[in-house]
**Q** 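Just passing along the structure, written as structure tokens.
When a ligand or atom number is given, it counts from 1 through the structure's own listing order.
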Amino acid sequence: MYTLASILPYIHTKRQLVHNAEQPIYDLAYDSRKIRNAGYSLFFALKNVRDGHTFIPDAYQKGVRAFVVSHDDIDTSLYPDASFFWVDDVLSALQELARYHRKKFKKPVIGITGSNGKTIVKEWLAQLLQEDKKVYQSPKSYNSQLGVALSLWNLSDDYDCAIIEAGISLPGEMDHLQAMICPDIGIMTNIGVAHADGFASKTLKITEKLKLFKHTKNVIFPSRYGFEEYLPAETSMFTFGEGDMDEVKVLRIEERRDGCSSIQVSYRQEIVTFTVPFVDKASIENVLICLTTLLFLDYPLDTILHKLGRLRPLEMRLQLKKGRNNCSIIDDTYSNDLASLQIALDFLDQQQQHKKKTLILSDMDGLNDHLEAKLLSILRQQNLNRIIMVGKSLSRLQDKLGTILVFFDSTEELMRNLGNMVFENESILIKGSRRFHLEDVSKLLVAKSHETVLEINLSALEHNLQVYRSMLPLNVKLMVMVKAFSYGSGSYEVANLLQFNKVDYLTVAFADEGVELRQHGIDLPIMVLSPDEQVFESLLTSNLEPEIYSFRILRALIDFLRIRKQKAFPVHIKIDTGMHRLGFLPDEMDELTTLLSAAPEIKVKTVFSHLVASGNKQHDDFTIQQISLFSSSADKLEEMLGYRVFRHIANTSGIVNWPSAYMDMVRLGIGLYGVDMDGKLTLEQVSELKTTITQIKKLPAGATVGYDRKGLLSRPSRIATVKIGYADGYSRRFGGGVGEMSINGQRARTVGSICMDMCMLDVTDIAAQELDEVVVFPDLTEAAQRIGTIPYELLVNIAARVKRVYFYG
Ligand SMILES: *Cc1c(COP(=O)(O)O)cnc(C)c1O
């Protein structure tokens with residue numbers, strides 16, 4: 001273990017102020033919201049979206065006493081007992097430390113890079129190797145300049161090998177990752193199209209990625225990409241493919257009807273055939289990478305094949321579901337190690353909807369004294385009301401924690417006793433390694449509902465938020481539209497994440513939506529669009545701020561506030577600069593300000609307008625005119641009121657196309673939810689609507705499918721019935737082959753009319769079986785175009801009865 005003194009030689013400091021050189025350091029911190037082990041953390045003031053130096057007071061207040069910084073002008077007298085290390089570049093210092101720590105690990109480190117498939121190959125390899133080794137793997141998305149450093153920091157002698165993923169988006173980045181990871185064995189998964197990220201050509205991209213392996217002796221890859229040309233001559237390469245030079249030669253790949261593929265390969269004179277539960281090319285290539293790696297590691301072929309058959313697609317991590325008795329269930333029953341436990345606990349922390357929190361935790365593989373001490377320290381930092389522990393070895397934690405502890409020897413024993421325990425109005429994190437099958441416990445605690453689900457990827461949402469945030473100058477505030485159930489994707493679940501990420505404002509369409517957010521612990525300022533008189537009372541009691549768009553509503557509000565003796569109630573004035581929907585017209589400014597000036601009941605917090613065509617070049621002149629009309633109206637308003645009023649006009653497309661319209665704040669909507677109407681950004685998909693095949697039947701040519709015999713079959717066909725209909729928000733306009741869904745990566749068209757709760761698909765030409773998962777909108781924008789609408793409408797029409805499942809990571 002480290003102390004400040006022992007760390008010091010490995011970060012190049014320009015200057016230092018050391019208070020307690022013997023302070024032990026266990027954790028590296030960079031986000032003051034996520035600090036756990038404050039007294040034992042070294043805080044790095046990184047320049048991320050925000051400058052980390054601004055969080056020093058918060059970190060200090062939480063108990064952190066050691067900081068690595070780059071600003072010269074820190075007033076250290078404010079932090080009397082803290083140590084400071086000044087460096088030129090805080091991230092480099094963190095990386096140097098990680099590099100030093102990595103060097104102490106003498107067992108093999110496998111480094112993985114490539115355009116796609118890195119994470120899945122990493123996870124699969126870990127699964128395959130875990131049976132006889134203790135494997136350390138970098139947590140799911142920790143593959144960046146920062147993520148890799150943090151992952152390496154958790155390496156320890158408790159492991160037999162490590163698998164570390166490296167991801168880059170710009171030239172020049174790989175050198176840093178290489179220096180830290182120093183892989184002993186390299187895996188390059190594949191290479192994608194060049195312009196999809198920050199590289200000018202494919203050659204540049206390959207060259208850059210392969211820098212990870214510049215000192216690596218052995219590199220494994222699919223031969224079809226020709227990576228060998230780019231590797232140093234002394235590298236020993238271990239490849240698979242169809243060529244004679246390949247160590248593992250792929251002879252045949254056959255897709256089967258049941259959604260499996262059979263693969264034949266030869267290796268050192270031996271020819272074998274095996275089956276894997278996938279048909280798509282990418283998964284098959286990933287399986288072959290794993291196979292080749294295990295062969296390289298000298299596992300016997302028959303052992304490997306046996307293991308490969310058990311691989312499954314990666315499950316979602318950290319799902320957030322509605323539980324019975326008004327609980328929130330966070331289901332993370334796929335693996336259990338300290339790093340992923342920490343991530344899951346952070347996520348539990350973010351859940352503001354319930355005060356009470358329970359952790360259900362399984363045994364951790366290889367729990368020795370050292371890991372136990374770490375586990376205890378993590379659990380002690382967490383505000384938990386009780387911990388339910390499953391597995392014999394956890395009983396050693398008895399009496400070592402202040403929380404209520406309940407022990408069960410096995411999952412079965414917990415299940416038998418579940419009925420005797422009370423779970424209500426609380427957030428429950430279920431965290432366990434795969435062999436404990438805690439998903440069975442989760443199933444019992446989750447509220448039952450319809451089988452069609454909308455999956456919402458909260459980390460994608462967070463990513464998209466950062467994409468837009470990084471475009472904004474620091475002084476521009478960010479308001480996020482969570483109206484219409486967050487464009488269909490949920491209320492407090494999404495708002496919680498936005499609150500955690502410190503956006504400045506939220507906006508809802510109706511007061512009810514705002515009230516619900518308040519009831520679930522959201523305390524950000526909330527603007528309510530187009531309120532009417534009936535909701536004034538709840539505006540007041542729930543601390544919601546109305547948009548004021550007409551004289552009628554303004555007068556009514558003033559009267560109401562006067563009776564309630566309220567002063568300076570915050571409102572937002574909407575100006576109609578061309579939308580001609582709601583708002584005061586620019587020539588009504590005089591009358592408006594006269595009324596406002598005489599009303600101490602009201603305080604104008606912001607003034608705003610809405611651009612009608614910020615994403616449409618054809619109307620740029622009109623947009624410019626709107627911006628200028630807005631500015632002059634706002635000037636007038638501000639002048640007459642005599643105080644500063646914040647201004648905002650830009651929506652998502654405005655953020656992308658009109659930096660001149662940022663003003664004091666912008667209003668982010670559709671872009672957050674992953675729809676890039678301007679086609680200029682790399683957003684991540686946030687929501688996916690999924691259903692299942694209930695039945696498949698073979699029908700002869702001439703048969704008809706569905707109501708009014710609309711679906712006439714022109715050939716013998718296989719028809720699948722899926723559990724989604726227009727009552728779920730799948731429009732009837734998708735009937736008759738207009739709509740396409742995706743099953744096992746292949747498209748299937750609708751047949752006949754869409755029914756209320758179901759519809760039928762033609763699966764004659766594709767691998768599909770009953771209970772298969774179906775992705776309803778493989779491409780949201782394309783689906784919207786097919787029925788002459790826009791993605792917004794498809795998203796918000798997804799019915800409330802469709803269960804929302806949230807996941808993170
Ligand atoms: C919905 C809405 C937005 C967000 O629009 P997007 O195009 O989704 O970014 C901004 N402002 C107002 C007033 C809105 O109603």
**Q** Does R552 pair with D532 as a salt bridge, N-O distance under 4.0 Å?
**A** no
**Q** Could you tell me whether some N/O pair between S653 and ligand 1 is separated by less than 3.5 angstrom?
**A** no
**Q** Could you say whether the N/O atoms of K574 and ligand 1 ever approach to under 3.5 Å?
**A** no
**Q** Cut-off 3.5 Å, side chains only: do S614 and N651 have a donor facing an acceptor?
**A** yes
**Q** Nearest 0.5 angstrom please: E688 CD to S742 OG, how far?
**A** 8.0 Å
**Q** Can E591 and R555 be counted as an ion pair, charged N to O under 4.0 angstrom?
**A** yes
**Q** For ligand 1, which atoms sit closer than 4.0 Å to a heavy atom of L529?
**A** 15 (O)
**Q** Say you draw a straight line from NZ of K574 to CE of M527; how long is it, rounded to the nearest 0.5 Å?
**A** 7.0 Å
**Q** Hey, which atoms in ligand 1 end up nearer than 4.0 Å to a heavy atom of T652?
**A** 6 (P), 9 (O)
**Q** Any atoms of ligand 1 less than 4.0 Å from a non-hydrogen atom of K483? List them with their elements.
**A** 1 (C), 2 (C), 3 (C), 14 (C), 15 (O)
**Q** May I ask you to check whether D728 and T452 show a side-chain donor-acceptor distance below 3.5 Å?
**A** no
**Q** If the threshold is 4.0 Å, N to carboxylate O, is there a salt bridge linking E455 and R804?
**A** no
**Q** Judged on heavy-atom distance to atom 6 (P) of ligand 1, which of Y792, F608, Y673 sits nearest?
**A** Y792
**Q** Could you find the nearest protein heavy atom to atom 11 (N) of ligand 1 and give me its residue, atom name and distance?
**A** R667 NE, 2.8 Å
**Q** Nearest protein heavy-atom contact for atom 8 (O) of ligand 1: which residue, which atom, what distance?
**A** Y487 OH, 2.6 Å
**Q** Salt bridge check, R647 against D635: does any charged N sit closer than 4.0 Å to a carboxylate O?
**A** yes
**Q** Please state which option from H610, M527, E547 has its nearest heavy atom closest to atom 12 (C) of ligand 1.
**A** H610
**Q** Which of the atoms of ligand 1 are close to G669, meaning less than 4.0 Å from one of its heavy atoms?
**A** 4 (C), 6 (P), 8 (O), 9 (O)
**Q** Suppose I only count heavy atoms of M481 and a 4.0 Å limit; which atoms of ligand 1 are within that range?
**A** 2 (C), 3 (C), 4 (C), 10 (C), 11 (N), 12 (C), 14 (C)
